[in-house]
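For reference, the structure is listed below as structure tokens.
One is the number of the first residue; the rest follow in order along the sequence.
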Amino acid sequence: HLPPTAAISLPTAGAGSDADVNAAANTNADAQQAKQEEAKPVITYLLLIRHGENDWVSSHRLAGRTPSVFLNDKGKQQSADLATFLGAQPISAIYSSPLERCMQTAQPLADAKQLAVSAEPGLIEVEYGEWRGGDLRELSKLPEWRLVQHYPSSFRFPGGETLYEVQSRAVSTLEQIRSRHAGGVVAAFSHGDVIRLSVAHFMGVPLDLFQRVQISTASVSIIVFHNA
């Protein structure tokens, strides 16, 4: 690229003028090409993928960060189907919540793309605190249940996180990932509420309405960043 102050000498009468004209034309063409390249949009794709099914999903219990929650047979099939579904996509990096059910869901895609899965703490499940492992049918009888259902932005799980804190750290993590892989396609495996909160942020949906965003197991939500 030419420096901003570069000048092109006009040819003088006499020998060498044709060569100077050609050089000037080439320089102008190079400068124009450089401007076109600078104007090209940079488009980055984040694929937010919820983990596959596990036995906790249908048990009415809140798994949260409970360790050793693994995929069941249906979840394993979902993860294999994901690898087939996304196999043709130019994915350049794969990130995952460090919890087993997410890492396990990500592995077949990583194997298909010959990529490593990078454990990313910012994508981990909500810290539900004292509610972790609880029966949702019993938790729904608590006075706090109405608050978390209707005004989740102001609720802190007892001994755990607020949903605002979850959204903040998840979005911050995703922003770092997309900056790190600008112009690429990146897969990020996480959890239902974490993805709901992230999608709500990027769609401009108020946090109190985030539960209107539906995120099924093994679903793929695509966030597209222009000029990122």
Side-chain angles (χ1 to χ4, degrees), residues 46-76 78-79 82 94-107 117-174 176-177 187-202 205 207-221:
L46 284 187
L47 312 182
L48 307 185
I49 306 171
R50 186 183 175 188
H51 61 76
E53 187 172 303
N54 57 80
D55 290 338
W56 284 67
V57 172
S58 58
S59 70
H60 304 289
R61 291 182 297 161
L62 193 60
R65 298 184 183 181
T66 301
S68 301
V69 176
F70 297 100
L71 301 181
N72 56 23
D73 288 342
K74 181 178 179 180
K76 292 175 183 177
Q78 287 175 323
S79 65
L82 275 170
I94 299 176
Y95 292 85
S96 174
S97 157
L99 293 180
E100 292 93 342
R101 57 191 184 273
C102 280
M103 296 290 287
Q104 193 177 3
T105 306
Q107 196 58 55
V117 180
S118 298
E120 174 49 67
L123 299 176
I124 199 169
E125 176 65 291
V126 178
E127 176 52 83
Y128 294 113
E130 296 171 15
W131 285 21
R132 182 199 301 184
D135 188 313
L136 293 171
R137 292 165 296 190
E138 295 301 317
L139 293 173
S140 66
K141 300 175 184 178
L142 299 175
E144 296 93 334
W145 185 261
R146 180 177 176 82
L147 184 61
V148 75
Q149 292 300 312
H150 297 285
Y151 307 104
S153 62
S154 60
F155 181 76
R156 178 180 294 278
F157 291 98
E161 292 180 291
T162 67
L163 291 173
Y164 175 79
E165 289 170 344
V166 177
Q167 186 181 62
S168 179
R169 53 109 164 149
V171 168
S172 175
T173 297
L174 293 173
Q176 292 173 31
I177 289 173
F189 290 77
S190 190
H191 307 267
D193 280 345
V194 179
I195 296 176
R196 285 187 191 93
L197 289 162
S198 301
V199 171
H201 168 82
F202 290 117
V205 174
L207 195 154
D208 282 335
L209 302 180
F210 89 100
Q211 294 183 85
R212 295 185 180 184
V213 179
Q214 297 298 309
I215 303 294
S216 302
T217 54
S219 62
V220 181
S221 304

- [ ] Would you confirm whether R61, through its side chain, and W56, through its main-chain N or O, come within 3.5 Å as a donor-acceptor pair?
- [x] no
Task: Test item: T173 side-chain N/O and R169 main-chain N/O as donor-acceptor pair under 3.5 Å - done: yes
Can you list everything that forms a side-chain hydrogen bond (donor to acceptor under 3.5 Å, both in side chains) with [X]? Sequence neighbours excluded, please.
| X | answer |
| --- | --- |
| S219 | none |
| S172 | Q176 |
| E144 | none |

Report the distance from atom [atom1] of [X] to atom [atom2] of [Y], rounding to the nearest 0.5 Å.
| X | Y | atom1 | atom2 | answer |
| --- | --- | --- | --- | --- |
| E161 | E125 | CD | CD | 9.0 Å |
| I124 | H191 | CD1 | NE2 | 6.5 Å |
| E120 | C102 | CD | SG | 12.0 Å |
| L136 | S59 | CG | OG | 8.0 Å |

Task: Closest non-hydrogen atom pair, R101 against A63 - done: NH2-CB, 4.2 Å
Open item on the list: Minimum heavy-atom separation for V166 and V194, please, with both atom names.
Closed with: CG1-CG2, 4.2 Å
[X]: side-chain contact (heavy atoms from CB on, under 4.5 Å) partners, not counting sequence neighbours:
| X | answer |
| --- | --- |
| S221 | L48, I195, V199, I215 |
| S79 | L71, T105, P108 |
| S68 | F70, E100 |
| D135 | H60, R137, E138 |

Task: ring pair (Phe, Tyr, Trp, His ring centres under 6.0 Å) involving F157 - partner list, sequence neighbours excluded - done: Y128, W131, F155
Open item on the list: Under the rule for ring pair (Phe, Tyr, Trp, His ring centres under 6.0 Å), what residues qualify as partners of F202, not counting sequence neighbours?
Closed with: F225
Open item on the list: If we check side-chain hydrogen bond (donor to acceptor under 3.5 Å, both in side chains) with T217, which of these qualifies: Q78, R50, H51, E53?
Closed with: Q78
Task: Set of salt bridge (Lys or Arg N to Asp or Glu O under 4.0 Å) partners for E127, sequence neighbours left out - done: R65, R132
Open item on the list: Which residues pass the salt bridge (Lys or Arg N to Asp or Glu O under 4.0 Å) test with R196, not counting sequence neighbours?
Closed with: D193
Do [X] and [Y] have side-chain heavy atoms sitting under 4.5 Å apart?
| X | Y | value |
| --- | --- | --- |
| L99 | V69 | no |
| V57 | N54 | yes |
| F189 | I94 | yes |
| R212 | V205 | no |

Would you tabulate the side-chain donor-acceptor contacts of residues 145-152 under 3.5 Å, counting partners in other chains and residues two or more places apart, or write 'none'?
none

- [ ] Go through L174 and L123 one step at a time and tell me if the side chain to side chain contact (heavy atoms under 4.5 Å, CB included) criterion holds.
- [x] CA-CA 8 Å; L174 293 173; L123 299 176; 4.0 Å; yes
